[in-house]
There are 2 protein chains.
Amino acid sequence: MYYICSMNTENQNAQMRKGVIELCILAIIAQQDAYASDIIIKLKEARLIVVEGTLYPLLTRLKNDSLTVYRWEESKSGPPRKYHQITESGRKALAELKADWHELITSVDKIIGDTTNNSK
Amino acid sequence: MYYICSMNTENQNAQMRKGVIELCILAIIAQQDAYASDIIIKLKEARLIVVEGTLYPLLTRLKNDSLTVYRWEESKSGPPRKYHQITESGRKALAELKADWHELITSVDKIIGDTTNNSK
DNA sequence: TTTTAGTACCTTGTATTGCATAGTACTAAT
DNA sequence: ATTAGTACTATGCAATACAAGGTACTAAAA
C-alpha cells in the first residue's frame with residue numbers, strides 16, 4: 001500500500017508561494033528593467049521557481065494595473081523582447097506589498113514561534 | 001469613471017496569507033488542543049483574520065490527512081465542542097511546513113532585500 | 001410552552017491564483 | 001526549406017479562502 005502523499009506538503013509549499021510571487025516580480029522589475037527570461041532566471045536564483053504560464057499573465061496584470069509599462073527592444077538572437085519598467089504607482093504598490101509581507105512574517109512568527117516541542 | 005482599486009493590495013495581502021493559514025492552525029493545535037472558536041481567537045490575536053467558512057473545511061482536511069484527531073466535549077453554554085489534537089504525523093508535517101516557511105522568507109528576502117530605492 | 005439569543009458546527013458557490021499545456025512568431029544556421 | 005532556439009500568448013485546471021446561508025444544542029425570557 002502506497003501513500004502518494006498523506007499530506008501534500010509540496011502542495012502547501014506551492015500555496016505559500018502564491019501571492020508573494022507578484023511582490024517578487026515587482027521587486028525585480030524595480031531593481032532593473034527586465035524581460036520575462038530575466039525575471040525567471042532571477043526567481044530561479046532565489047529558488048522561487050516560476051514558469052512562463054505563471055509569469056506572462058502576471059506581467060499583463062501589472063501592466064493593466066499601471067504598475068508597470070513596457071517597451072519593445074530588438075534582439076539579435078530571436079524575436080523582440082518586452083522590457084518591463086516600474087512606474088510611480090508601481091513603486092508605491094511595491095512598498096505596500098513589502099509592508100504587508102513583513103506584517104505577515106510578524107503574524108506567523110507570533111503563532112508558530114511559541115509552539116512547544118519545537119525542534120528549534 | 002471610478003477605479004475601485006487600481007491594484008488590489010488588500011487582495012494581494014489575502015493571497016499572501018494563503019498556505020500559511022494551514023501552518024498556523026496546525027501550530028495552534030500543536031500548542032494545545034483547541035476547538036474552532038479557540039483557533040479563530042488566537043489567529044485574530046496575531047492579526048491573521050480567518051472566518052468559519054475557511055476554518056471548518058481546513059480542519060476536516062487536517063483530520064482526513066491524519067494530522068489531527070478530535071474528540072467531543074460537552075459545554076455548559078451551548079452545543080458540544082470538537083476539540084482537535086495533533087498527531088505524530090501532524091507534528092512531522094508541522095516541522096516541514098515551518099521549514100518551508102523559513103525557506104520562503106529567505107527566498108523572498110533575497111529578492112526584495114537588494115531592491116534599490118528602498119525606503120529603508 | 002413558545003420564542004429569542006448565544007454558541008458551535010457544516011455546506012455550497014465564487015473569485016483568484018499559479019500551473020500545465022499548447023500554440024504563434026521571429027531569427028539564424030544547416 | 002527545414003530545423004533549432006528564443007520569446008510572447010492563450011486556454012483549461014486544481015487548490016485556496018471567503019461570503020453567505022443553514023442546522024442544532026442550551027439557557028433565559030415572554
Side-chain angles (χ1 to χ4, degrees), chain A residues 4-5 7-26 34-41 43-44 48-65 68 70-84 97 104 107, chain B residues 4-5 7-26 34-41 43-44 48-65 68 70-84 97 100 104 107-108:
Chain A
I4 301 203
C5 199
M7 174 192 196
N8 219 333
T9 306
E10 286 175 34
N11 185 22
Q12 275 302 312
N13 195 0
Q15 287 300 325
M16 286 200 282
R17 287 206 309 274
K18 284 190 182 186
V20 299
I21 291 184
E22 190 149 331
L23 162 62
C24 291
I25 290 172
L26 205 51
Y35 75 108
S37 299
D38 283 340
I39 297 172
I40 289 179
I41 288 171
L43 289 173
K44 265 191 190 157
L48 278 171
I49 298 156
V50 167
V51 295
E52 292 189 328
T54 300
L55 184 57
Y56 283 103
L58 214 151
L59 289 172
T60 303
R61 213 161 58 228
L62 292 177
K63 182 209 62 180
N64 288 342
D65 290 340
T68 58
Y70 66 79
R71 65 175 184 281
W72 289 99
E73 279 194 20
E74 306 216 344
S75 162
K76 290 175 184 168
S77 59
R81 296 167 176 175
K82 215 182 196 179
Y83 276 86
H84 301 266
L97 288 175
L104 179 65
S107 296
Chain B
I4 303 203
C5 198
M7 174 190 198
N8 219 331
T9 306
E10 287 176 33
N11 185 20
Q12 273 303 310
N13 196 359
Q15 287 300 323
M16 285 201 285
R17 287 209 309 275
K18 284 192 181 185
V20 300
I21 292 185
E22 191 149 330
L23 162 62
C24 291
I25 291 173
L26 205 52
Y35 74 108
S37 299
D38 284 340
I39 297 172
I40 289 179
I41 287 171
L43 288 173
K44 266 191 190 153
L48 277 171
I49 297 156
V50 168
V51 295
E52 292 189 328
T54 301
L55 185 56
Y56 283 102
L58 214 150
L59 288 172
T60 303
R61 211 159 61 228
L62 292 177
K63 182 210 62 181
N64 289 341
D65 290 339
T68 58
Y70 66 80
R71 64 176 186 280
W72 289 98
E73 277 194 21
E74 306 216 344
S75 162
K76 289 173 184 169
S77 60
R81 297 167 177 175
K82 213 182 196 178
Y83 275 86
H84 301 267
L97 288 175
D100 290 342
L104 179 64
S107 296
V108 173

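Every chain is numbered from 1, with letters handed out A, B, ... down the list of sequences.
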Practice task
Kindly write out the residues that satisfy side-chain contact (heavy atoms from CB on, under 4.5 Å) with B/S75, not counting sequence neighbours, or none if the list is empty.
Solution key: B/S77, B/R81
Name the pairs: protein N/O against N/O of nucleotides 16-18 of chain D, kept only if under 3.5 Å.
from   : atom 1 : to    : atom 2 : distance (Å)
D/dT16 : OP1    : A/Q12 : NE2    : 3.1
D/dT16 : O2     : B/K18 : NZ     : 2.9
D/dA17 : OP1    : B/G19 : N      : 2.8
D/dC18 : OP1    : B/R17 : NH2    : 2.8
D/dC18 : OP2    : B/T54 : OG1    : 2.4

Problem - Atom pair NZ (A/K63) and OG1 (A/T68), whose distance is rounded to the nearest 0.5 Å - result: 8.5 Å
Handout entry: Interatomic distance, A/D65 CG vs C/dT16 P [rounded to whole Å]
Key = 12 Å
Problem - Spacing of B/L59 atom CG and B/Y35 atom OH [to the nearest 0.5 Å] - result: 13.0 Å
Fill in the blank from the handout: Residues at least two apart in sequence or cross-chain that pass side-chain contact (heavy atoms from CB on, under 4.5 Å) with A/L43, listed by chain then number, are A/C24, A/I25, A/I28, A/I39, A/L48, A/V50, B/I111
Handout entry: Atom pair distance, as rounded to whole Å: CD in A/E74 and C1' in C/dA28
Key = 15 Å
Heteroatom pairs (N/O) under 3.5 angstrom, protein to nucleotides 3-8 of chain D:
from  : atom 1 : to    : atom 2 : distance (Å)
D/dA7 : OP1    : A/Y35 : OH     : 2.6
D/dA7 : OP1    : A/R81 : NE     : 2.7
D/dA7 : OP1    : A/R81 : NH2    : 2.6
D/dA7 : OP2    : A/S37 : OG     : 3.3
D/dC8 : OP1    : A/K82 : N      : 2.6
D/dC8 : OP2    : A/Y56 : OH     : 2.6
D/dC8 : N4     : A/E52 : OE1    : 3.1

Handout entry: Side chain to side chain, B/V20 and B/L104, heavy atoms closer than 4.5 Å
Key = no
Handout entry: Distance, rounded to the nearest Å, where A/L43 contributes CG and C/dG18 contributes C1'
Key = 13 Å
Handout entry: d(CD1, A/I40; P, D/dT9) in whole Å
Key = 13 Å
Handout entry: Minimum side-chain heavy-atom gap A/Q12-B/L23 below 4.5 Å
Key = no
Problem - Nearest non-hydrogen partners of B/P80 and B/W72, listed with the distance - result: O-CZ3, 3.7 Å
Exercise for the section: Quick one: list whatever passes salt bridge (charged side-chain N to carboxylate O under 4.0 Å, His left out) with B/R61, sequence neighbours left out. Expected result: B/E22
Exercise for the section: Quantify the bending of the helix from C/dT1-D/dA30 to C/dT30-D/dA1 as the angle between its end axes, each fitted on five pairs, to 10°. Expected result: 30°
Exercise for the section: Check whether NZ of the Lys or CZ of the Arg A/K82 lies under 6.0 Å from the centre of the six-membered ring of A/Y70 and within 45 degrees of that ring's axis. Expected result: yes
Practice task
Mind calculating the distance between CD1 (B/I39) and P (C/dA8) to the nearest angstrom?
Solution key: 12 Å
Problem - pair B/L58-B/L62: side-chain heavy atoms closer than 4.5 Å - result: yes
Handout entry: Gap between atoms CG and C1', on B/L62 and C/dC9 respectively (whole Å)
Key = 16 Å
Problem - Reported OG1-to-CG distance for the pair A/T60 and A/D65, which is rounded to 0.5 angstrom - result: 11.0 Å
